[in-house]
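Below is one structure, written out as structure tokens; the observations come after it.
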Amino acid sequence: MGNTEHKEEDSFALYTEKIVPKPSVKYRRLIRAAKFFAAAVLFGLIASGVMLLVYPALEKRMVQRNTDKEILTIEKDEYPSEEQDNTETKETIADDNYEAVLQTTDAAALKNVATAAIKSLVLIDVYKTDMGNILTETQSATETVGLVIGQVNSEYIILTNAAVVRDSSSLVVKVSKATEVDAELVGSDTDTGIAIVSVKESQIPSKERSSIVTAQLDNSYSIQQGDIVVAAGRLYGQNKTIDYGMVSGISTKSGVDNSYEIISTGLAGIEGDYGYLFNMKGNVVGISMKNTKTTFSVLGISDLKSMIQELSNGNSPVYFGIKGQNVTGTMATRYGLPVGIYVTDIELDSPAYAAGIQPGDIITEIDGNMVLTIQAFSEKLYQCESGQQISITAKRFGGDEYKDMTFNAVIAVK
């Protein structure tokens, strides 16, 4: 019995023996883990160093590239003060006098203006996708004209008709009969009906580029009734057509966040016409209004300059959402109102509506900057970005007097 137990114990001796590994084997995994951890820490330190040293340099280069990008800057015109404005309305010029003035106008000067105006125009073909076959593009029956207004970042900036180009799938600009180039829609504005397209200079042969004239945008506030003007564009249903006439009247149209001068001429107009008005210096003073059917009337260029600049630089139009009227010193005295912008209407669900602005409020400041005309208001507004919060100071009638109130609004894209 005793021998049997001893033999069984001997037979399992191999499995009951306590094995003690060498230290190098025992700590191999621990050493490997430590090395891995050390490598990870080292990699992290190197990566952090690279980020600290390289990233600021890359960021600086990116900022520098953005800074180097040119923008189109348009000189704005100061809205005439009450002293500058001629408050006496001129009588409409009689037809016989109208013809007499035109006949005595310097023909050579008119020809020079007309020649330069035509050289600043380009034709724009509009292509739209065939909804029956998304792979097919068809040329629109509507062709329009564009006005070259600048050159930035090796591109020509062209002002044109938003109603025609806005829903296009592609655009082609005809610089001449021999040269057609692809164009890009940069931006458009529904309220004013203007759009901006661009074409790369490199697409146009140098000989063709030398013949393009960049139009100069003048001060339309200086236009007066009776001035001789030249119209160029799509007139009487024909492209690149010119005519001349006389300013028959000037009025004002209220718009969202702005007010627009309407310059009427003695020229006829038909639906679909779209053109530009030039003064006798050969500079642009107006752009076709939307839906002009019977007469050729334009929006004064001075009221559009801020919008044109923003669209040309690829910025979406922002809005506040008011319609207003300027309260001049004379009106303030006559009606007992503060000088400023009298709010006549508020767009529903607009930033102005959300901020609590009401019809009857008189706006005087944006972010502490005095704005006493709707024109000054719009210029400041277009300098803001979507999502930016602004502070509006307005006077509201309460009890028996106007009291200052402050409203915070977040600007939005139209």
Side-chain angles (χ1 to χ4, degrees), residues 72 74 120-126 128 140-150 157-168 171 173 183-198 215 217 220 223 229 231-237 239 241 250-265 267-278 284-319 321 323 347 374-375 378-379 381-382 413-414:
L72 182 69
I74 300 174
S120 65
L121 297 181
V122 293
L123 296 181
I124 301 177
D125 276 343
V126 180
K128 296 186 178 181
S140 171
T142 305
E143 184 181 51
T144 190
V145 291
L147 180 76
V148 180
I149 61 171
I157 305 300
I158 301 168
L159 179 63
T160 191
N161 186 351
V164 175
V165 303
R166 186 169 47 238
D167 298 324
S168 63
L171 299 169
V173 167
E184 178 185 356
L185 177 61
V186 180
S188 64
D189 178 62
T190 303
D191 291 338
T192 58
I194 61 176
I196 299 294
V197 301
S198 67
L217 309 184
S220 60
I223 287 291
V229 287
R234 183 179 176 86
L235 308 177
Y236 317 120
N239 290 315
T241 302
I250 300 174
S251 57
T252 302
K253 173 187 175 184
S254 181
V256 178
D257 300 325
N258 207 343
S259 178
Y260 305 106
E261 225 178 15
I262 300 175
I263 304 172
S264 300
T265 71
L267 300 172
I270 64 173
E271 188 172 5
D273 282 358
Y274 191 85
Y276 311 90
L277 200 66
F278 295 77
V284 180
V285 290
I287 305 173
S288 274
M289 293 175 57
K290 296 185 297 180
N291 302 321
T292 299
K293 295 182 179 181
T294 58
T295 60
F296 185 78
S297 298
V298 299
L299 297 174
I301 195 70
S302 293
D303 294 325
L304 302 174
K305 285 183 175 181
S306 293
M307 175 63 72
I308 292 171
Q309 178 174 295
E310 292 305 302
L311 291 176
S312 298
N313 294 321
N315 300 324
S316 299
V318 296
Y319 87 121
K323 289 187 177 181
E347 297 273 294
I374 191 71
Q375 290 80 10
S378 66
E379 185 175 342
L381 178 67
Y382 294 148
V413 174
K414 283 187 179 180

Straight-line distance of Leu121 CG to Leu147 CG, nearest 0.5 Å: 6.0 Å
Check: Ile196 and Ile149 side chains under 4.5 Å, non-hydrogen atoms: yes
Tyr276 side chain to Leu159 backbone, donor-acceptor under 3.5 Å: yes
Over all atoms of both residues, closest heavy-atom pair of Gly286 and Val298: CA-CG2, 3.7 Å
Distance-minimising heavy-atom pair for Leu185 and Arg166: CD2-O, 3.9 Å
Main-chain N/O of Tyr319 paired with Asp257 side-chain donor or acceptor, under 3.5 Å: no
Gap separating the CG atom of Leu299 from the CD1 atom of Ile194, nearest 0.5 angstrom: 8.5 Å
Pairwise side-chain contact, Ser288 with Phe296, heavy-atom cut-off 4.5 Å (strictly under): yes
Side chains of Val126 and Glu143 in contact at under 4.5 Å (non-hydrogen atoms): no
Asn161 side chain to Ala163 backbone, donor-acceptor under 3.5 Å: yes
Residue pair Pro317 / Leu311, side-chain heavy-atom distance below 4.5 Å: yes
Side-chain touch Thr160/Val122, heavy atoms, less than 4.5 angstrom: no
Val145 side chain near Leu123 side chain, heavy-atom distance below 4.5 Å: yes
Step-by-step side chain to side chain contact (heavy atoms under 4.5 Å, CB included) determination, Glu184 to Val197: CA-CA 5 Å; Glu184 178 185 356; Val197 301; over 6 Å; no
Side-chain donor or acceptor of Asn239 paired with backbone N/O of Arg234 under 3.5 Å: no
Under the salt bridge (charged side-chain N to carboxylate O under 4.0 Å, His left out) test, residues paired with Lys305 that sit two or more places apart: Asp77
For Ile74 against Gln309, the heavy-atom pair lying closest together: N-OE1, 2.8 Å
Sub-4.5 Å side-chain heavy-atom contact between Asp125 and Leu171: no
Ala215 to Val284 - nearest heavy-atom pair and separation: CB-CG2, 3.8 Å
Interatomic distance, Glu379 atom CD to Ser306 atom OG [nearest 0.5 angstrom]: 4.5 Å
Heavy-atom pair of closest approach, residues Ser220 and Glu261: O-OE1, 3.4 Å
Gap between atom CG of Leu304 and atom CG of Asp191 - 0.5 Å precision: 11.0 Å
Heavy-atom closest pair, residues Ser259 and Ile374: CB-CG2, 3.3 Å
Any donor-acceptor N/O pair, Asp273 side chain to Gly237 backbone, under 3.5 Å: yes
Interatomic distance, Lys253 atom NZ to Asn258 atom CG [nearest 0.5 angstrom]: 11.0 Å
Donor-acceptor contact below 3.5 Å, side chain Tyr274 vs main chain Gly233: no
Separation between CD1 of Ile263 and OG of Ser297, rounded to the nearest 0.5 Å: 9.5 Å
Verdict with supporting geometry, Ile308 and Ile301, side chain to side chain contact (heavy atoms under 4.5 Å, CB included): CA-CA 9 Å; Ile308 292 171; Ile301 195 70; 3.8 Å; yes
